[in-house]
Amino acid sequence: MLPVYIDRADGAVLVDVDGNSYIDLGSGIAVTSIGHNVESVVDAVNDQMRHFAHTCFMVGPYEGYVAVCEKLNELTPGGHAKTSILLNSGAEAVENAIKVARHATGRQAVVVFDHAYHGRTNLTMALTAKNMPYKDGFGPFAPEVYRAPMSYPFRDPEGMSGEESAGRAIEVIEKQVGAANVACVLIEPIQGEGGFVVPAAGFLPAVASWCRDSEVLFVADEVQTGFCRTGDWFACENEGVVPDLVTTAKGIAGGLPLAGVTGRSELMGNVHTGGLGGTYSGNPVACAAALAVIRTMWDLDLGGEARRIGAVIEARLHGLQKQHPVIGDVRGRGAMQAIEFVKPGTTVADPATASAVAAACHAAGVVILTCGTWSNVIRLLPPLTIDDALLNEGLDVLAESVAAAVA
Ligand SMILES: *Cc1c(COP(=O)(O)O)cnc(C)c1O
């Protein structure tokens, strides 16, 4: 996306090989949430490298893996007994959550939503909604995946409540799949790549409660929303939703590849020994980084910082929306905020303006990302350690870029 190569990074600033600096409002897609080049993480990684870099946890176990799982069990929503497994990527975590759900329920169907993004492996391509660029020409896709309508307040009928939009989704599940065939409903509590779609209040609790009544597992994909991004450790906490299984990755290890599945112990324990795993899963260096990241998130109250950042961004974006009718919607939670570009006064997507704004930001030294089913959304995912001055400097550039794009 950026027409430059990066040489180094510190805090919320990237520096390219020619010495140009960029304000990072993307965090490598919500990964470096504690900032770049954080000393406690660098030290933890170096220290682990000096001990050992790999044994394969299934061959020679080590404490770091167990400690990360204990943290996941403690921090994810719900006070029930939990068990975690570690993997390498978000897609791999999602695949493993579905293996667990199918094994525990003896059912096969998986329900996902419009605009969903769950990864690029074969099973997760089937779960992901958008064809180009994720699926085009890469079929055939895995069977027993069904898609239900998402709550998308900006595009739903005016005044549609969360409960009503949940009813619309449940109707599709009951009529087209049959509750008794469904192993799990898999959902991002706030959609990431699909456009930072925040469902109407009441939608997630209503879907979760239908799942409970139907003995269908509720799986929250918190790969992008997790680890303080939305102002809580996990986005499900906002409405008190307790998932049966939670997938995590991205922000968990400050840039090292690590992912997790955390679930009710009776579900996770239902799988036979050796049924889940992988050569590099829960690599000790990545685990050392994750433990340092989680400690830093606690010490610096990065959930609180995400709320501070969210308040600054929201105020600025609402101000921009007042000036520019091309901004149809401002939405998000905490340090996960977006603007959706449309033809003024309509919901017709305007991807050309979104890409012009993104290109202008990049040229002016600010890294921002686009997303959305129509590629017409600009999303902001700054490091949770960015200060107000640098954040506002980045948002000034965004404002100038929007003004230039619509001029
Ligand atoms: C990024 C993402 C994934 C896939 O994670 P990878 O590490 O890229 O495999 C899955 N789910 C969500 C919600 C994501 O944002």
Side-chain angles (χ1 to χ4, degrees), residues 1 26-33 68 72 76 85-101 110-130 133-135 138 141-142 145 147 150 152 184-199 204 218-230 233-236 241 243 245-262 278 280-283 286 289-290 293 332-338 369-373 375 377 379-381:
M1 202 177 69
S27 304
I29 318 187
V31 169
T32 51
S33 289
V68 173
L72 284 168
T76 50
I85 179 177
L86 302 181
L87 294 313
N88 301 296
S89 72
E92 207 189 352
V94 170
E95 294 230 7
N96 277 274
I98 287 171
K99 285 165 74 169
V100 170
V110 175
V111 174
V112 289
F113 289 83
D114 287 332
H115 314 291
Y117 181 87
H118 298 291
R120 296 168 180 262
T121 58
N122 186 263
L123 175 56
T124 59
M125 274 195 294
L127 304 169
T128 290
K130 189 175 176 177
Y134 306 125
K135 301 166 78 163
F138 299 142
F141 303 112
V145 173
R147 200 165 302 284
M150 178 65 180
Y152 193 152
C184 65
V185 168
L186 167 69
I187 190 164
E188 300 154 87
I190 296 176
Q191 290 182 322
E193 310 302 302
F196 279 26
V197 179
V198 186
L204 290 175
F218 182 89
V219 185
D221 182 351
E222 293 252 16
V223 165
Q224 192 155 159
T225 48
F227 286 96
C228 299
R229 176 54 55 185
T230 64
W233 279 97
F234 295 95
C236 277
V241 169
L245 295 158
V246 183
T247 56
T248 50
K250 291 198 167 97
I252 189 175
L256 277 86
L258 189 69
V261 180
T262 303
Y280 293 112
S281 300
N283 169 270
V293 165
R333 188 182 302 147
M336 181 172 185
Q337 298 282 343
L369 309 172
T370 57
C371 63
T373 294
S375 308
V377 176
R379 56 173 154 174
L380 303 175
L381 291 163

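In listed order, ligands and their atoms are each counted from 1.
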Heavy-atom distance from atom 7 (O) of ligand 1 to the protein below 4.0 Å? yes
Side-chain ion pair, Glu92 and Lys99, N-O less than 4.0 Å: no
Taking atom 5 (O) of ligand 1 as the point of reference, which of Ala220, Gly90, Gly119 owns the nearest heavy atom? Gly90
Residues two or more places apart in sequence or in another chain: which of them pass side-chain contact (heavy atoms from CB on, under 4.5 Å) with Thr128? Tyr117, His118, Tyr134
Testing the basics here: between Leu123 and Ile98, what is the closest heavy-atom pair and its distance to 0.1 Å? CD2-CG2, 4.1 Å
Ligand 1 atoms nearer than 4.0 angstrom to some heavy atom of Ala91 are 4 (C), 5 (O), 6 (P), 9 (O)
To check your reading of the model: name the closest protein heavy atom to atom 11 (N) of ligand 1, its residue, and the distance in Å. Asp221 OD2, 2.7 Å
Compare Lys250, Glu95, Glu188 and give the one whose heavy atom is closest to atom 14 (C) of ligand 1. Lys250
List every atom of ligand 1 that sits less than 4.0 Å from any heavy atom of Gln224, numbering the atoms from 1 in the order shown and giving each element. 15 (O)
Working to the nearest 0.5 angstrom, can you tell me the gap between Asn122 CG and Lys135 NZ? 10.5 Å
Quick one: does any side-chain atom of Lys250 pair with a main-chain N or O of Thr225 as donor and acceptor, under 3.5 Å? no
Backbone, side chain, both or neither: what part of Ser89 comes under 4.0 angstrom of ligand 1, heavy atoms only? both
Would you check if the side chain of Glu222 reaches a backbone N or O of Phe227 as a donor-acceptor pair within less than 3.5 Å? no
